Asks: 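Quick one: the structure is below, and I'll ask about it shortly.
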2 protein chains.
Amino acid sequence: MVSPPNSRTATRTAARAEAGPALSREAVIDRALDLADREGLAAVSIRRLAQDFDVTPMALYWHVKNKDELLSAMGERIVEVVDAPDLPTEGGLDRLRPLLERLVDALHRHPGSTELVRGTILRTATGRQLAEQALTILAEAGFDRQRRADLARAALQSVVMLVVGAPGAETDVPEQDRQTMRDRKRAELAALPVDRFPHLVECAGPLTECEDPTAYYADGIDLFLAGVAALATRIS
Amino acid sequence: MVSPPNSRTATRTAARAEAGPALSREAVIDRALDLADREGLAAVSIRRLAQDFDVTPMALYWHVKNKDELLSAMGERIVEVVDAPDLPTEGGLDRLRPLLERLVDALHRHPGSTELVRGTILRTATGRQLAEQALTILAEAGFDRQRRADLARAALQSVVMLVVGAPGAETDVPEQDRQTMRDRKRAELAALPVDRFPHLVECAGPLTECEDPTAYYADGIDLFLAGVAALATRIS
DNA sequence: ACCTGAACACCGTTCAAGT
DNA sequence: ACCTGAACACCGTTCAAGT
């Protein structure tokens, strides 16, 4: 029994059929994002990705410059899908809300890589568009240059923080271990001495698990907007 | 010419004299924190630390369980130095301010490792004390269990965010390259088309460099407290 | 109690070479 | 244009052995 002349290619093609699309820059980035969501950002390695594509590690270097560039591209990719809203000419600070909501939605699709967004947001087209819109709204609300820069930054960072810091967001650990991890944390808090940490014990549940993500994100955005609105009344 | 019987020990002792204190769990953690501040968290490796102590990598495993435990210990160490204030019985939500201020001060001492705090804060004694105090204040302000859990979490995370997300905080890059990096970013923003990104161009400076850190942190805490205060008036 | 030596399974990356 | 092979310098970690 002899192997067919191109058995190696054949098996590779078969593996690709399982693995999905052929090697390309886009495919690499998407696969890296999925991998990060499933097993954590630490699981993303050039060699691991190459294995998934049934290709040698060096093949990836044709499509991405190096690992740093891959990580940047992942962050940029997450933001680029945001469909930035048109900026109404009226509406005051409330016009910030749709910006933040859309960004949350985009980040929430890839929580495992959301922290990468922090470093890339001002380098992507849509990220810059969102920042420009935020700065415009803040300028019209009367904030000076320094203040609106800080508030725009805080807006974007708060959104990132909401996602990566959500209760029960253990994105650094493989998917199947996450619930175990949450349960362990919760039990740890619940077992604290009640006389010294009554509130921590009482809040063990809501501190370790997010029952209603929609409400969580809405409340998070509310908090930020309430803060900005309060500061705005102080200056006028 | 023969070497003295214990020449190896002698040179090692000499190296230690340069390197500082002898090997110990505390020393390892402190050195790791300093290394992270100078060269970024990525520069912290077991082997690199061992080299700094003039010792084999395996020697470290006597003092720390593994690298993960070292990273946790670094985060815990940063928080443990906080001298949690006594909680006044009166004063309302403003009592949150000293909590956040002291945490900012502590984090600010090790910006390169501050992100590690996110995962360890509820596992340290002082972290739990701060959280318990925050929850107490929020409970007395009338927030329900779910809300005060989310707000306490937001409080601690906002502080972390303020430090790691400060303009010009390029903690992932070696110390000597940071100014260059900031200048590059600023130039990039300033070079954007003025017709499409007028505010981004205008704010290129304040977005990439922090002129007055004290004011920056104070304003950041103000923003959060203003938000919480506004939410508090909505429920009562 | 504290440290070393040898070994293993990973990692990113370069460079010349293949098709 | 796109991929491979070989090689290099790193990394975390285990285990048995030394003192």
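Note that this is a predicted model, so its numbers are computed, not measured. In what follows, chains carry the letters A, B, and so on, assigned in the order in which the sequence lines appear, proteins first and then strands, with residues in each chain numbered from 1.
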Asks: As a test of reading the structure: which of D:dC3, C:dC3, C:dG12 is closest to the side chain of A:V55, going by heavy atoms?
Replies: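 Minimum distance to the A:V55 side chain belongs to D:dC3.
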
Asks: Separation of A:D54 atom CG from D:dC3 atom C1', in whole Å?
Replies: 13 Å

Asks: Taking only the side-chain heavy atoms of B:A59 (C-beta and beyond), determine which of C:dC3, D:dT13, D:dC11 contains the nearest atom.
Replies: C:dC3

Asks: Do B:E80 and B:T126 have a side chain donor and acceptor closer than 3.5 Å?
Replies: yes

Asks: Could you tell me the separation between the CD atom of B:Q51 and the P atom of D:dG12, rounded to a whole number of Å?
Replies: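 So the CD-P distance, B:Q51 to D:dG12, works out to 12 Å.
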
Asks: Would you kindly give the CG-to-C1' distance between A:L70 and C:dT13, to the nearest whole Å?
Replies: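 Interatomic distance, CG of A:L70 to C1' of C:dT13: 14 Å.
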
Asks: B:L41 CG to D:dC11 P: how many Å, rounded?
Replies: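 So the two atoms are 14 Å apart, to the nearest Å.
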
Asks: Is B:R48 salt-bridged to B:D52, going by a charged N under 4.0 Å from an acidic O?
Replies: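 Between B:D52 and B:R48 there is a salt bridge, with a charged N closer than 4.0 Å to a carboxylate O.
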
Asks: So, does B:H63 get its side chain near the phosphate of C:dC3, meaning an N or O under 4.0 Å from OP1 or OP2?
Replies: yes

Asks: Please report, rounded to the nearest Å, how far the P atom of D:dT4 is from the OH atom of A:Y61.
Replies: 14 Å

Asks: I need the single residue from A:K185, A:M181, A:Q179 that forms a side-chain contact (heavy atoms from CB on, under 4.5 Å) with A:D183. Which is it?
Replies: A:Q179

Asks: Under a 3.5 Å cut-off for both contacts, is C:dA1 paired Watson-Crick or G-U wobble with anything, and if yes, with which nucleotide?
Replies: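 C:dA1 is paired with D:dT19.
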
Asks: Rounding to a whole Å, what distance do you find between B:M58:CE and C:dT4:C1'?
Replies: 6 Å

Asks: So which nucleotide does C:dT14 pair with, by the Watson-Crick or G-U wobble rule with both distances under 3.5 Å?
Replies: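 WC or wobble partner is D:dA6.
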
Asks: Taking the nucleotide of DNA chain D with the closest heavy atom to each, which residue, A:W62 or A:R47, is nearer the 5' end?
Replies: A:W62

Asks: From CG of B:N66 over to C1' of D:dC11, roughly how many Å is that when rounded to an integer?
Replies: 14 Å

Asks: Using whole Å, what does the distance between atom P of nucleotide D:dC11 and atom NZ of B:K67 come to?
Replies: 9 Å

Asks: How about A:E69: does its CD atom have over 12 heavy atoms from other parts shown lying under 6.0 Å from it?
Replies: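 More than 12 heavy atoms, drawn from other residues, nucleotides or ligands, come within 6.0 Å of this atom.
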
Asks: Tell me whether B:R38 at atom CZ has more than 12 heavy atoms from other residues, nucleotides or ligands lying less than 6.0 Å away.
Replies: yes

Asks: If you compare every side-chain N and O of A:T56 against the phosphate oxygens of D:dC3 (OP1, OP2), does one of them come in below 4.0 Å?
Replies: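 Result: no.
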
